[in-house]
J.: 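Pasting a structure here, questions to come.
These numbers come from a predicted model, not from an experiment.
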Amino acid sequence: QVQVEESGGGLVQTGGSLRLSCTAKGITFDDYGMGWFRQEPGKGRKIVACMSFSGSHTYVVDSVKGRFTVSRDNAKNTLDLQMNGLKPEDTAMYYCATDRGGHDHFCGQLATEYDYWGQGTQVTVSS
């Protein structure tokens, strides 16, 4: 049974920082690309950042580039998202997921390319 779990969300003021962490069990972690998505109420899930299975390829959406950093530790089966300079528009539920594509030169940017998802962790940035 595959289990994906996020942690580290919370309430922070504008300009603050949070570090989200994701663990995945029941899979061979270093066979999977991994991604972070976020979802606002009434809207679809959108890519924030992703990383290929070895970590050789990384994608970060333009709206968070320079503020958010994605990293993974295949020895610990973890994927992290360091978020600095947070803005109210970053407020959303953040999800971690496994990329079914299995590419090391690419990671998926659409939610439909991901199969196993966590329950999400809420990030709220106050103005």
J.: For the CZ atom of Arg19 and the OG atom of Ser7, what is their distance to the nearest 0.5 Å?
T.: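 Rounded to the nearest 0.5 Å, the CZ-OG separation comes to 10.5 Å.
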
J.: Report whether Phe53 and Leu79 are members of the same hydrophobic cluster (ILVMFWY, side-chain heavy atoms less than 4.5 Å apart, transitive linking).
T.: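 No, Phe53 and Leu79 fall in different hydrophobic clusters.
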
J.: Could you check whether any side-chain heavy atom of Val4 comes within less than 4.5 Å of a side-chain heavy atom of Cys22, counting everything from C-beta outward?
T.: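 Yes, at least one pair of side-chain atoms sits under 4.5 Å.
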
J.: Within the 3.5 Å criterion, strictly below it, is a donor on Asp115 or Thr98 matched to an acceptor on the partner's side chain?
T.: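 Short answer, yes.
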
J.: Same hydrophobic cluster for Ile47 and Val123, using side-chain heavy-atom links shorter than 4.5 Å among ILVMFWY?
T.: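 Cluster IDs for Ile47 and Val123 match.
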
J.: Taking C-beta and beyond as the side chain, do Val125 and Met83 meet within less than 4.5 Å on heavy atoms?
T.: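 No, every pair of side-chain atoms sits at 4.5 Å or beyond.
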
J.: Between Asn77 and Thr23, is the side chain to side chain contact (heavy atoms under 4.5 Å, CB included) condition met? List the steps.
T.: CA-CA 6 Å; Asn77 285 19; Thr23 60; 5.7 Å; no

J.: Is there a side-chain contact between Cys96 and Met34, using heavy atoms and a 4.5 Å cut-off?
T.: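 Result yes, sub-4.5 Å side-chain heavy-atom pair found.
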
J.: Any chance you could measure Arg38, atom CZ, to Ser63, atom OG, to the nearest 0.5 Å?
T.: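 Between Arg38 CZ and Ser63 OG, I get 5.0 Å after rounding to 0.5 Å.
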
J.: Tell me whether Lys87 is salt-bridged to Asp90, with the criterion being a basic N under 4.0 Å from an acidic carboxylate O.
T.: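 Not counted as a salt bridge, because no side-chain N and carboxylate O are separated by less than 4.0 Å.
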
J.: A quick test of your reading: do over 12 heavy atoms of other residues, nucleotides or ligands sit less than 6.0 Å from NZ of Lys65?
T.: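 Buried by this count: over 12 neighbours within 6.0 Å.
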
J.: Please say yes or no: joined through hydrophobic side-chain contacts below 4.5 Å, possibly via intermediate residues, are Phe106 and Phe29 part of one cluster?
T.: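 No, no single cluster joins them.
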
J.: Check whether the ring centres of Phe37 and Trp117 lie less than 6.0 Å apart, and answer yes or no.
T.: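 Ring centres of Trp117 and Phe37 closer than 6.0 Å.
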
J.: Do other residues, nucleotides or ligands put more than 12 heavy atoms under 6.0 Å from Tyr59 OH?
T.: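 Yes, OH of Tyr59 has more than 12 neighbouring heavy atoms, counting only those of other groups under 6.0 Å.
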
J.: Working to the nearest 0.5 Å, report the span between CG of Leu11 and OG1 of Thr124.
T.: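 OG1 of Thr124 is found 6.0 Å from CG of Leu11.
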
J.: Give a yes-or-no answer on whether the side chains of Gln82 and Asp80 include a donor-acceptor pair shorter than 3.5 Å.
T.: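 Distance-only check fails for Gln82 and Asp80.
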
J.: Honestly curious: do Val2 and Tyr95 fall in one hydrophobic cluster under the side-chain, below-4.5 Å linking rule?
T.: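 Both belong to a single hydrophobic cluster.
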
J.: Where is the tightest heavy-atom contact between Arg72 and Asp30, given as atom of each residue plus distance?
T.: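 What the structure gives for the nearest pair is NH2-CA, 4.1 Å.
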
J.: If I compare all heavy atoms of Asp104 with all of His57, which pair ends up nearest, and what's the gap?
T.: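 Shortest heavy-atom separation between Asp104 and His57 comes out as O-CB, 3.7 Å.
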
J.: Of the non-hydrogen atoms in Met93 and Gln122, which two are nearest, and what is the gap between them?
T.: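 Reported closest heavy-atom pair: SD-N, 3.5 Å.
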
J.: What distance separates Gln3 CD from Tyr116 OH, expressed to the nearest 0.5 Å?
T.: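 The CD atom of Gln3 sits 12.0 Å away from the OH atom of Tyr116.
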
J.: Quick check: closest heavy atoms across Thr121 and Glu6, and the distance to 0.1 Å?
T.: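 Distance-wise, the nearest heavy atoms are CG2-CB, 3.9 Å.
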
J.: Where do Ala49 and Leu81 come nearest, in terms of heavy atoms and distance?
T.: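 It is CB-CD1, 4.2 Å.
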
J.: Where do Cys107 and Ser52 come nearest, in terms of heavy atoms and distance?
T.: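 Heavy atoms of Cys107 and Ser52 come nearest at CB-N, 4.1 Å.
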
J.: I want to check a possible cation-pi pair here: Arg45 against Tyr114, using under 6.0 Å from ring centre and within 45° of the ring axis as the test.
T.: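 Checked: cation-pi criterion not met.
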
J.: Just wondering, do Ser17 and Val12 contact through their side chains at under 4.5 Å, heavy atoms?
T.: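 Not touching, per the 4.5 Å side-chain cut-off.
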
